[in-house]
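Written below as structure tokens is the structure these notes are about.
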There are 2 protein chains.
Amino acid sequence: MAKSGPAPTINDVARVAGVSKKTVSRVINRSPLLKQATREKVEKVIAELGYTPNPQARALALRRNFLLGLLHDNPNAQTVLNFQEGVLDAIRDTEFALVVRPVDRHSPAMLDDIRNFLEQQRLYGVLILPPISENDELAALCREMGCGYVRMGSAALDEAEQLVQSNDREMVEGVVDYLVEIGHTRIGLIEGPQGFRSAFERREGFLTAMTRHGLEMPDDALVQGNYRFSSGVEAANRLLDQNPHVTAIFASNDEMAAGAYHAARERGVDIPRDLSIVGFDDSPIAAHIWPPMTTVGWPIREMGKAAALKLVAPDTAEAKPSCFPARLVTRNSVAPPSKKI
Amino acid sequence: MAKSGPAPTINDVARVAGVSKKTVSRVINRSPLLKQATREKVEKVIAELGYTPNPQARALALRRNFLLGLLHDNPNAQTVLNFQEGVLDAIRDTEFALVVRPVDRHSPAMLDDIRNFLEQQRLYGVLILPPISENDELAALCREMGCGYVRMGSAALDEAEQLVQSNDREMVEGVVDYLVEIGHTRIGLIEGPQGFRSAFERREGFLTAMTRHGLEMPDDALVQGNYRFSSGVEAANRLLDQNPHVTAIFASNDEMAAGAYHAARERGVDIPRDLSIVGFDDSPIAAHIWPPMTTVGWPIREMGKAAALKLVAPDTAEAKPSCFPARLVTRNSVAPPSKKI
DNA sequence: TTGTACGCGTTATCAA
DNA sequence: TTGATAACGCGTACAA
């Protein structure tokens, strides 16, 4: 280790090693055309001095920062944080750091804001979470600015190099299959808001499976929510107002599913005896609510890690996959329909 | 607005304005010794050209980045994200950006990691969330590195300039007062883990109030958890194993309180008829669980904003307060004790 | 395979 | 009050 004091610079290393600083620079940047002996000599000095390159100087010279940006528009907290953890798994012990940037997709100035942000920060690349990951103009902006990007989504939004996705549609088909298998025929859907690709995919999966099973899907069995708890309450109330009401509900996310729980409780409808509920996300609420909720869980942290690796180490094996299958997490909110209804 | 192309630099501004670049620099940095006319002339050119200083170059010259760091060790997701939102409220439309850095307080290398991080990134300042905000060595490290810092906590961990805190102890006293007022005398406490100042403060508040009311606090009415759901389940089971059991439980956070809900349900203990429960945090689970939970909510987002302002604009009024009182959020998990027990 | 000289865009020193 | 010039630490032509 070096003695404390002003941190050693590339010049110190060059002087001590008896080479030019360009040679040191080559070692740092893994230039292939270097004699092995030189490289080792320099590396030894680097270790002795405890030298690390100054990121600010590099950023200035390269016109590019060793910073990854996380762009998101307020999906649920757990998703953002899990993804963040994954990104940090990927860049741990590297020179990269993560800067977080929430944006407002309803603001007309959003794209300009992001443009300024990218122009200012000169990011190495950005990771974009849904729902703004679905905005193609934003992706185009990144390309135009020469900023790497990876989008996270529920469908094939982009090329594999710029994408981590899950198989929402297929998973929801599986949910319906499961419910039908144990006897449900009247199944309600609480779908997510317009303009969210995840909401679209999940609805399509739902409807596809219903059709495949030859099941009717009356108009009033499909209610739209906005991914918030209260919209789940309202939607479930609409579904339960009918007589007879559906025996099972799939909600497009856990928060709305929790809202459906709430509505059921207020009416004295027992879960799962009188009503089965399945959510999507496997957020903490799903495990903590009573009865524990059956839901679809997606590997968000792994997706975050892979997304970051696509930017900082695109050639590693872990950076290759772009589809991350979700899985059904079976708990206690589903049962066969009771006969009495 | 400027035409697109390479962004204008300070040299462009200087040339067009017919001054030296140092003068432009003085304008940017609000140097007081500038003739008003010169300043206005330069500012006009800056506006015309759409010039903004290059952060990388500034960072290199100043040896300091215009970056705020958020250091946290995995408290709950909602807390981190709310705080983050507050920080971003504070730095919106400024040159600052936020970099997030989760750390592992159990790692022996934590302090070294953070030291490297600070040395590398040359942050303007860091915001530290509990529980690592309680680590005095970490604060000392920041001072040593010349890095501004603000800690968030449940007590007066530091000087007002480096602190945003809530009044946990007092609030929990209020919770006990409330429970006693409506008739509870046997109240259980599920406390947080050792080494968390928040856990300590909340316990002290609890015990102080119990003593003040002349109420007994048997050893088996106090159970320790670790702030996780499952520990809340276990703790509540211990509390409910007793006969007669407590008529009310205060849990040191919502997640454990939700665990207590779970335990109660499994035993057929009705909330709030047979058992009142109060949590702490006002996290989403509190509003979404059944029955909606009475809990203590603290203004995390405001705290985040104030904390950031203490670093970037310490002289503004909003940066002054360091204590942010929590408040009791009354919902439906509390009722007078039923007679039958 | 290695070194020299210069550029990146800003701030700081010190003299005018 | 302003300006010339030298840092800041690293990368890149281009030459050797």
Side-chain angles (χ1 to χ4, degrees), chain A residues 2 5-43 45-46 49-67 95-96 119-124 146, chain B residues 2 5-43 45-46 49-67 95-96 119-124 146:
Chain A
T9 75
I10 197 171
N11 290 309
D12 298 325
V13 176
R15 186 169 32 72
V16 175
V19 298
S20 78
K21 67 181 197 178
K22 177 59 204 173
T23 301
V24 179
S25 173
R26 287 199 178 91
V27 172
I28 296 170
N29 296 300
R30 297 185 166 52
S31 161
L33 22 79
L34 259 183
K35 220 162 53 182
Q36 189 59 22
T38 317
R39 155 163 295 135
E40 281 165 7
K41 182 173 61 179
V42 173
E43 277 171 348
V45 174
I46 288 180
L49 262 44
Y51 164 76
T52 44
N54 176 311
Q56 286 76 38
R58 296 229 297 167
L60 181 58
L62 287 171
R63 285 114 156 256
R64 172 178 255 209
N65 239 315
F66 285 69
L67 251 33
E95 60 212 318
F96 287 93
E119 212 163 65
Q120 285 297 301
Q121 299 299 330
R122 294 266 171 77
L123 297 181
Y124 195 89
Chain B
T9 76
I10 198 171
N11 289 308
D12 299 325
V13 177
R15 185 169 32 75
V16 175
V19 298
S20 78
K21 63 187 198 175
K22 178 61 203 173
T23 299
V24 178
S25 173
R26 287 198 177 93
V27 172
I28 296 170
N29 296 299
R30 298 183 165 53
S31 160
L33 23 81
L34 259 184
K35 220 161 56 183
Q36 189 59 22
T38 317
R39 156 165 296 137
E40 280 166 9
K41 181 173 61 179
V42 173
E43 275 171 348
V45 175
I46 289 180
L49 262 44
Y51 164 76
T52 44
N54 177 312
Q56 286 76 40
R58 296 233 291 171
L60 180 58
L62 288 171
R63 296 139 141 182
R64 171 178 255 209
N65 237 316
F66 285 70
L67 250 34
E95 59 212 319
F96 287 93
E119 212 162 66
Q120 284 298 301
Q121 298 300 330
R122 295 265 171 76
L123 298 181
Y124 195 88

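We name chains A, B, ... by the order of the sequence lines, and we start the count at 1 in each one.
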Look at the side-chain N and O atoms of B:T23 and state whether any lies under 4.0 Å from the OP1 or OP2 oxygen of D:dT2. no

What does the B/S/- profile of nucleotides 5-16 of chain D look like, 5' to 3', with a 4.0 Å heavy-atom cutoff to protein? ---BBBBB----

Test side chain to side chain donor-acceptor pair (under 3.5 Å) on B:N54 and A:R63; report intermediate values, then the result. CA-CA 10 Å; B:N54 177 312; A:R63 285 114 156 256; over 6 Å; no

For the helix from C:dT1-D:dA16 to C:dA16-D:dT1, what angle lies between the axis at the first five pairs and the axis at the last five pairs, to 10 degrees? 30°

Side chain proximity check, [X] to [Y], heavy atoms < 4.5 angstrom:
| X | Y | result |
| --- | --- | --- |
| A:Y51 | A:P8 | yes |
| B:I28 | B:R58 | yes |
| B:V27 | B:K41 | no |
| B:T9 | B:D12 | yes |

Atom pair distance, as rounded to whole Å: [atom1] in [X] and [atom2] in [N]:
| X | N | atom1 | atom2 | value |
| --- | --- | --- | --- | --- |
| B:L34 | D:dG3 | CG | C1' | 12 Å |
| B:Q36 | D:dT2 | CD | C1' | 16 Å |
| B:E95 | C:dT10 | CD | P | 12 Å |

May I ask you to decide if the ring planes of A:Y124 and A:F96 are parallel, tilted or perpendicular, using 30° and 60° as cut-offs?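 Ring orientation of A:Y124 relative to A:F96: perpendicular.
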
Working to the nearest 0.5 angstrom, can you tell me the gap between B:R39 CZ and B:R26 CZ?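 One gets 11.0 Å once the value is rounded to the nearest 0.5 Å.
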
Check: B:L60 main-chain N/O paired with B:R122 side-chain donor or acceptor under 3.5 Å: no

